[in-house]
Amino acid sequence: MSFRVKKLLNLQKRVGAHPHISGLLSVYKLYRPSWLSVMIPSSQRIYFKKTGARVWEADMKNAKDRICQSASPAFDVNATCTNLAQKSKRRRQELIPRPSSSNFVEESGLYNFIISESSKVPVSQIKTFHQLLINLDRLELPSRVGAVLQSPLLQHALSCTKDEDIIQRLSFWLYQTLHEELLDCDDAGNNPRAEHLLQLLINFTEFLQEDIPVSESFLVKYLYVWNGLDYRPYILQLITRFRIHPFQKLNDLVLEPLRKLFFCSSVYFKCQLIYSLTELLRHYLEVELPKHRVHRKEKTGDDGDAADKTNCDLMFEELLDRELAVDTIQQLVSFVDKICCVGLQQENENSLLLYHVLSFYDLISVMFRNYYMPFVCVPSFAIVYKALLSNNAVILCRICKIICNYKEEYNKMKRVEDSSLKAKLKEGIKTLNQYIIDFSNALWRNMVFVGKSKTLVFDIPMNLLQKSNVTSTNIIFSIQQHVALSGFSYKFLKETQAIEDFHPIQIKGNTRNEYVQFLSNECLDGIVSFINTFIKRGSSTVHVNSSHSRDESG
C-alpha cells in the first residue's frame, strides 16, 4: 500500500499542495504514520469541497436520460423508483384493511336496517348474522376487498353472492400481497405480517372448504424457491387444501419440489410432510370426491341428495372427471408409499417417522368403508416388516390393527357386484395373506423360521441361523419375548407369579391367554384384535383360505 503514498507525494511535487491531495495524505498519516515523513498542515480542515445541490441534480437528470435512451422501452427508471416508493408506502400501511364501505358516512344513533329497497347497507353497519341475512341483497361490499379475510360476515356474504368482480379483485389483491410479503420481502422467514396473512388465508380456505386458485398458483411458484424452513406450518397446511388435479400436473408442480426437500431435510420435516400428505388425502376423500359425485349426478340428470348439492355449491368451480380424480388419489398413495420406504431407510427406521407412516395407512385401510373409494393399496413389505421388527410396542400394535382393517376392507369390497373391481383385488389379497401368515408365525405360533409356507423375509437357511449363536430363534418375535413387548411380559409375570425368578418363556398354555387379556388391559388392542381375528385360540393354528384369512375367535 506504500506505493500509493509515493504516487501522491510525486503528484504533490508536480502540481502543488492541492486540498484533495493533502486530504488523502492526511488519511494515510492518521492510520499509517510510519509511511509519511512530511508534515501535513493542521490548519486546513476541509479538504473536499461540497458540490452544489443543483449540479448534482443536473448530473442525475442527465444520467437518467442517458440510461432511458440506451435501455429497452420496457425499462423505466422513473417507474421503478415510483414502484419502490409505493411498495414502501404500502408496507407502512395496515396489511389487512378493516371492513368499510366506499360511500359510507358515519351517522350517530341506531342504524335502521329496514330501509328502502333502493338504498345500500354499508358493510360496517352489519353486526350480526341476522342483519346480514336481512340485507344480503342490498349489502354494499367494502372498497378494499382484502377486508374479506378477517370478517366472517363478509365471507358468508361473498360465498352466497358469488360476485365475479369481487372474486377477481380478491384474487388479484391476494396474489400481489403474497408475492410482496413472501417473495419480495427482505426479511424472509421472519415477517409477522406474512404469518398473519397466511393464517387468515388458511382460515378462509377452511371456511370455504375449498382452495383458492390464486393461492395454489402462488404456492406452486413459492415451492420452487422454498427452503423448507420459512413459514413451514402455514405452507404445509395450505398444501393440505389443494384441489384435485391430474396427477402429472400435481406431481410436477407440488409433489416434486416437496420430494426434493423430503430427502435432504431432518426427520422432523419428514414427519410433518407425511402428516400433510395424509391430510391432503383425507381432504380429497372427505371433500373433493363428494363434489365430483354430485357433479356427475347433475350431468346425468340424477337429482341425488339435496344436502350433497348444497355442499357442491362452489365459489371456484373447477372439477375433474371422477375417473381422473380417482386416478390421482391412487397415484398419490403410490407416491407416498415410495418416499416412505426410502425415508425410513434413510432415517434408520426412526419410530416417530414410522408412526406417521402408519397413520397414513390407517386412513387407506378404511377408504372403502368410510368413503366408498374402490381402491385398496396394501403397504409395501419394507414398511410392514419394519413395523413388525420395531422395538416400539405402539408401532407393533398399530400395524396389527391396520392388517385387521385391511381384512375387513377386502371382505366388504368382495360383496360389491363389480367384476373389474374383483379382478383388481387378487394381487392385494395375495400379499395380505402373506403378511398374515408371517405375523401369525412370529407372534403366536413360534414358527417364524421353520414355517412350511413361503415367507417374504424369514426364509433364512438353518445353518446360517445356527452360526448366529442366537438361542430360541423361533420364539424371539413371539408376543412374550418380542423386544417391543418384553417389558409388558415381565410386568405381567411380576403381578401374577409368586416366585421371584421368572422369565417370559414361562408364558405358555393358559397363561398365554391370560397374558393376551393383560395386553388388552394395557391398551394394546391392535395385537389382541389380530390374535382374535386370525388365530384359533387353543390350537395355535391360523385359518386362511384362497382369498383371505377367515375371522376366528377363541
Side-chain angles (χ1 to χ4, degrees), residues 240 244 247 250 274-275 277-297 302 304-305 307-308 311-312 319-338 340 356-381 383-384 387 398-436 439 525-526 529-530 532-534 544-552:
T240 64
I244 290 186
F247 180 78
L250 183 69
I274 296 299
Y275 175 80
L277 293 176
T278 304
E279 293 303 308
L280 175 64
L281 177 61
R282 193 187 310 276
H283 172 69
Y284 284 173
L285 296 172
E286 293 181 351
V287 179
E288 296 292 325
L289 269 187
K291 294 177 185 177
H292 290 79
R293 291 194 187 105
V294 175
H295 181 65
R296 185 174 63 173
K297 289 180 181 179
D302 189 359
D305 189 3
D308 287 341
N311 293 334
C312 192
L319 295 177
L320 289 178
D321 292 334
R322 189 174 184 276
E323 290 73 17
L324 283 177
V326 172
D327 179 71
T328 296
I329 293 177
Q330 293 176 356
Q331 295 197 54
L332 174 64
V333 171
S334 177
F335 170 84
V336 177
D337 182 83
K338 293 175 182 177
C340 287
H356 284 83
V357 171
L358 295 181
S359 296
F360 178 76
Y361 280 100
D362 259 338
L363 177 60
I364 296 176
S365 65
V366 295
M367 283 201 305
F368 185 77
R369 280 179 285 165
N370 294 353
Y371 310 106
Y372 201 74
M373 172 69 183
F375 166 72
V376 176
C377 176
V378 180
S380 298
F381 72 91
I383 296 174
V384 172
R398 294 196 70 184
I399 190 62
C400 290
K401 183 61 177 177
I402 289 173
I403 291 178
C404 294
N405 290 342
Y406 272 106
K407 182 254 183 183
E408 186 175 350
E409 192 85 344
Y410 278 120
N411 273 344
K412 290 187 176 294
M413 292 181 72
K414 286 181 62 179
R415 300 190 188 106
V416 178
E417 296 298 330
D418 188 346
S419 57
S420 61
L421 177 60
K422 292 181 179 179
K424 297 177 182 178
L425 300 180
K426 291 183 179 179
E427 189 63 30
I429 290 175
K430 180 180 177 181
T431 304
L432 182 64
N433 274 338
Q434 189 62 65
Y435 292 163
I436 294 170
F439 271 59
D525 297 325
S529 297
F530 181 89
N532 291 335
T533 302
F534 301 110
V544 286
N545 57 26
S546 58
S547 61
H548 61 82
S549 296
R550 291 180 304 179
D551 196 344
E552 295 287 338

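In what follows, every heavy atom counts, from backbone to side chain, and hydrogens, waters and symmetry copies are set aside. This structure is a prediction, so every number in the text was calculated from the model and none was measured.
Between the side chains of Arg282 and Thr240, no donor-acceptor pair of N or O atoms lies under 3.5 Å.
In this structure, OH on Tyr406 lies 11.0 Å from OG1 on Thr431, to the nearest 0.5 angstrom. In this structure, Arg415 CZ and Tyr410 OH are separated by 15.0 Å, a value rounded to the nearest 0.5 Å. Atom OG1 of Thr278 is separated from atom NE2 of His356 by 8.0 Å, given to the nearest 0.5 angstrom. From Tyr371, atom OH reaches atom CG of Leu289 across 10.5 Å, with rounding to the nearest 0.5 Å. Note that CG of Asp327 and CZ of Phe247 are 9.0 Å apart. Values are rounded to the nearest 0.5 Å. Rounding to the nearest 0.5 Å places CG of Leu358 at 10.0 Å from OG of Ser365.
The ring of Phe530 has its center closer than 6.0 angstrom to the ring center of Phe534.
Closest heavy-atom contact between Lys401 and Gly526: CB-CA, 3.9 Å. For the pair Glu409 and Met367, the tightest heavy-atom approach, listed with the atom from each and the gap, is OE2-N, 3.2 Å. For the pair Tyr435 and Pro379, the tightest heavy-atom approach, listed with the atom from each and the gap, is OH-O, 2.9 Å. Listed here is the closest heavy atom pair of Gly428 and Val378: O-CG2, 3.7 Å. Closest non-hydrogen pair, Ile364 versus Cys377, comes out as CG2-O, 3.8 Å.
Residues forming a side-chain hydrogen bond (donor to acceptor under 3.5 Å, both in side chains) with Tyr361 (at least two apart in sequence, or on another chain): Asp337.
The closest donor-acceptor contact from the side chain of Glu288 to the backbone of His283 lies at 3.5 Å or more, if one exists at all. Under a 3.5 Å cut-off, the side chain of Ser334 and the backbone N or O of Gln330 do not form any donor-acceptor pair.
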Item to check | Stepwise side chain to side chain contact (heavy atoms under 4.5 Å, CB included) test for Lys338 and Ser380 | outcome: CA-CA 8 Å; Lys338 293 175 182 177; Ser380 298; over 6 Å; no

Next on the checklist: Assess the residue pair Phe439 and Cys400 against the criterion (side chain to side chain contact (heavy atoms under 4.5 Å, CB included)); give the C-alpha distance rounded to whole Å, side-chain angles, the decisive distance to 0.1 Å, and a yes or no.
Outcome noted: CA-CA 8 Å; Phe439 271 59; Cys400 290; 4.2 Å; yes

Item to check | Val336 vs Leu281, side chain to side chain contact (heavy atoms under 4.5 Å, CB included): CA-CA, chis, key distance, verdict | outcome: CA-CA 10 Å; Val336 177; Leu281 177 61; over 6 Å; no

Item to check | Intermediate values then yes/no, side chain to side chain contact (heavy atoms under 4.5 Å, CB included), Arg369 and Asn405 | outcome: CA-CA 10 Å; Arg369 280 179 285 165; Asn405 290 342; 3.5 Å; yes

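Looking only at side-chain heavy atoms (C-beta outward), Leu285 and Leu363 come within less than 4.5 Å of each other.
Within 6.0 Å of CZ on Phe335 lie more than 12 heavy atoms contributed by other residues, nucleotides or ligands.
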